[in-house]
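These numbers come from a predicted model, not from an experiment.
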Amino acid sequence: MSLLEKTRAPEEPPGTAREPRITDEHGRRVRVWELALRYVLLLAVLALTIGPFLWQLSTSLKGPTEDIYSSPPTFLPGDPTLHNYERVADTIPVWDYALNSLKVATANVVTNCVGAALAGYALARLRYRGRRAATLAFILAMLVPVEGIIIAQFTTMRDLGLNNTLIGVVLPGCIGAMNVLLMRNAFLNLPYEIEEAAFVDGANVWQRFLRIALPSVKGTLAVVAIFAFMGAWDDFLWPLIVLSDPSKFTLTIGLNYLHGTFANDERLVAAGTIIAVAPLIALFACLQRYFFRGVGEGAVKG
C-alpha cells in the first residue's frame with residue numbers, strides 16, 4: 001500500500017448523513033444553540049435601537065382618521081400619507097431651521113476635521129517641549145462637563161459680540177478634544193519608516209502631513225466628521241442659550257416649539273423627528289465605508 005493510500009482519510013459510505021459544521025472567524029466550532037442565542041440577542045438589540053425609529057416613521061405616515069393609541073397597536077399605517085410632513089412645514093419654518101442646522105453642522109465638520117488633524121499630527125509626530133502636557137490637557141478637557149463651562153462660554157460670546165449669531169453657535173465646538181485624540185492615535189499607528197523615507201527625499205513637515213500622513217487616516221477622518229456632524233446637528237442646549245432671533249433657530253429648537261404647541265398631535269411630532277434624523281442617516285450611509293475602516297487605521301497599503 002502506498003503512502004498516499006495510508007494517509008488518505010477513509011471515505012464515508014454512501015447515504016451517510018454528515019452533520020453540518022459551523023465555525024467562527026477563528027475556525028472554532030460553534031454549537032447550534034450558541035448560534036441561535038447570538039441571533040436572538042442581535043434581534044433584541046436591533047428591536048431596542050431601530051424599533052423606536054420605525055415606530056416614529058410609521059406614526060408620521062398615519063392619517064388623521066387612524067388611531068395611533070389602539071390596543072393592540074398597529075405598526076403599519078392603513079392609509080400612508082405624507083400630509084403630516086406638509087403640516088409641519090406649514091406650522092413652523094422647518095426648512096429654514098434645517099438650513100441653519102446644516103450651516104452649523106457643516107462648519108463644525110470642516111473645523112473639526114482640519115483642526116483635529118493638525119493638532120493630532122502635532123501631538124503624534126512632532127518633537128517639542130511640552131507635548132505630553134498638551135496631550136494631558138486634551139484628556140482633561142474631555143472630563144469637564146459642558147454644563148460646567150457653558151456660562152463662561154456665554155460670557156465669552158457676549159464679549160466678542162457673537163451672541164445671536166450662527167458663528168457663536170459653531171465657535172465653542174469647532175475643535176473637540178475627543179476628535180484630536182482620535183486623530184493622534186491614528187497618526188501614531190502609522191509606521192515611522194514612511195515619513196523617514198520622505199524626509200530623506202527632502203519632504204518638509206507640511207508635505208509629509210498632506211501627502212503621506214493625511215491620506216492614510218481617511219477612516220478616522222470619516223469618524224471625526226460623523227461625530228462632529230451629529231454633535232452639531234443634535235445640539236439643543238447651547239443654541240437655545242446663545243440664540244434669541246427665531247429666524248436663526250436651529251432645527252432642534254424649532255422642533256421643540258412644535259412639540260410644545262402640538263403636544264397632543266403625535267403625528268406632527270413624529271414627522272418632525274424623521275425630518276431631523278434623515279440627514280444623519282444619509283451622512284452615515286455615505287461615510288460608512290470609511291467609518292468601519294477607522295478602527296484599524298494606519299495599516300500600510302501597497
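In this structure the side chain of Met183 never reaches within 4.5 angstrom of the side chain of Val180, judged on heavy atoms. Inter-residue side-chain proximity for Val88 and Ile275 is flagged as met; some heavy-atom pair is nearer than 4.5 Å. For the pair Asn84 and Leu61, the minimum side-chain heavy-atom distance is 4.5 Å or more. The closest side-chain heavy-atom distance from Leu181 to Met142 is below 4.5 Å. Side-chain contact between Leu140 and Leu143: present, with at least one pair of heavy atoms (C-beta onward) separated by less than 4.5 Å. Counting heavy atoms from C-beta outward, Thr135 and Arg132 have side chains that stay 4.5 Å or more apart. You'll find the side chain of Val205 reaches within 4.5 Å of the side chain of Tyr121, heavy atoms only.
In plain terms, the two heavy atoms of Ala225 and Leu283 that are nearest each other are O-CD2, 4.5 Å. The minimum heavy-atom distance between Pro239 and Phe236, with the atom names listed, is CD-O, 3.5 Å. In plain terms, the two heavy atoms of Leu214 and Phe187 that are nearest each other are N-CE2, 4.2 Å. In this structure, Asn112 and Gly173 approach most closely via the heavy-atom pair ND2-O, 3.0 Å. Between Asn100 and Leu166, the closest heavy-atom pair is OD1-CD1, 4.1 Å. The minimum heavy-atom distance between Ser247 and Asp245, with the atom names listed, is OG-OD2, 2.9 Å.
Within a 6.0 Å radius of CH2 in Trp55, other residues, nucleotides and ligands contribute more than 12 heavy atoms. Heavy-atom neighbours of Arg127 CZ from other residues, nucleotides or ligands within 6.0 Å: above the threshold of 12. More than 12 heavy atoms of other residues, nucleotides or ligands shown are found within 6.0 angstrom of OH on Tyr128. Counting non-hydrogen atoms of other residues, nucleotides and ligands closer than 6.0 Å to CD1 of Ile151 gives a total of 12 or fewer. When the shell of 6.0 Å around CZ of Arg211 is examined, it contains 12 or fewer heavy atoms from other residues, nucleotides or ligands. In Ile167, the CD1 atom is not crowded: 12 or fewer heavy atoms of neighbouring residues, nucleotides or ligands sit closer than 6.0 Å.
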side-chain contact (heavy atoms from CB on, under 4.5 Å) between Tyr85 and Val94, intermediate numbers included: CA-CA 10 Å; Tyr85 295 91; Val94 63; over 6 Å; no

Check against side-chain contact (heavy atoms from CB on, under 4.5 Å), Thr59 and Thr273: CA-CA 11 Å; Thr59 304; Thr273 302; over 6 Å; no

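Within the 3.5 Å criterion, the main-chain N or O of Ala198 finds no donor-acceptor partner in the side chain of Arg208. Counting only distance, with no hydrogens or angles, the side chain of Thr106 and the backbone of Lys103 share no donor-acceptor pair below 3.5 Å. The closest donor-acceptor contact from the side chain of Gln207 to the backbone of Asn204 lies under 3.5 Å. At distances below 3.5 Å, at least one donor-acceptor pair connects side-chain atoms of Thr156 with backbone N or O atoms of Ala152. Looking only at distances, no side-chain donor or acceptor of Lys248 sits under 3.5 Å from a matching main-chain atom of Leu243. Checked by atom type and distance alone, the side chain of Ser101 pairs as donor or acceptor with a backbone atom of Leu251 at under 3.5 Å. Between the Arg267 side chain and the Gly63 main chain, a donor and an acceptor come within less than 3.5 Å of each other. Formation of a donor-acceptor pair under 3.5 Å by the Glu66 side chain with backbone atoms of Pro77 is not found in this model.
Atom CD1 of residue Ile253 and atom CG of residue Leu240 lie 5.0 Å apart, to the nearest 0.5 angstrom. To the nearest 0.5 Å, atoms CG (Leu123) and CG (Leu118) are separated by 11.0 Å. Note: Leu268 CG to His83 NE2 = 8.5 Å, rounded to the nearest 0.5 Å. Atom CD1 of Ile150 and atom CZ of Phe154 lie 10.0 Å apart (nearest 0.5 Å). Atom-to-atom distance recorded for Leu102:CG and Thr250:OG1 is 12.0 Å, nearest 0.5 angstrom. Here Leu188 contributes atom CG and Arg125 contributes atom CZ; the two are 7.0 Å apart, rounded to the nearest 0.5 Å.
Linking ILVMFWY side-chain heavy atoms closer than 4.5 Å, directly or via other members, places Met230 and Ile50 in a single hydrophobic cluster. Placement of Met178 and Val146 in two distinct hydrophobic clusters is found when ILVMFWY residues are connected by side-chain heavy-atom separations under 4.5 Å, directly or transitively. Grouping the Ile, Leu, Val, Met, Phe, Trp and Tyr side chains by contacts below 4.5 angstrom, directly or via other members, places Leu182 with Ile139. Leu126 and Leu190 fall within a single hydrophobic cluster, where Ile, Leu, Val, Met, Phe, Trp and Tyr side chains are chained together by heavy-atom contacts under 4.5 Å. Leu46 and Ile281 fall within a single hydrophobic cluster, where Ile, Leu, Val, Met, Phe, Trp and Tyr are joined by side-chain heavy atoms under 4.5 Å apart, directly or via other members.
Taking the six-membered ring where the residue is Trp, Trp233 and Phe229 present parallel rings, their angle staying beneath 30° rather than reaching 60°. Ring planes of Phe249 and Tyr97: tilted class, angle from 30 to 60°.
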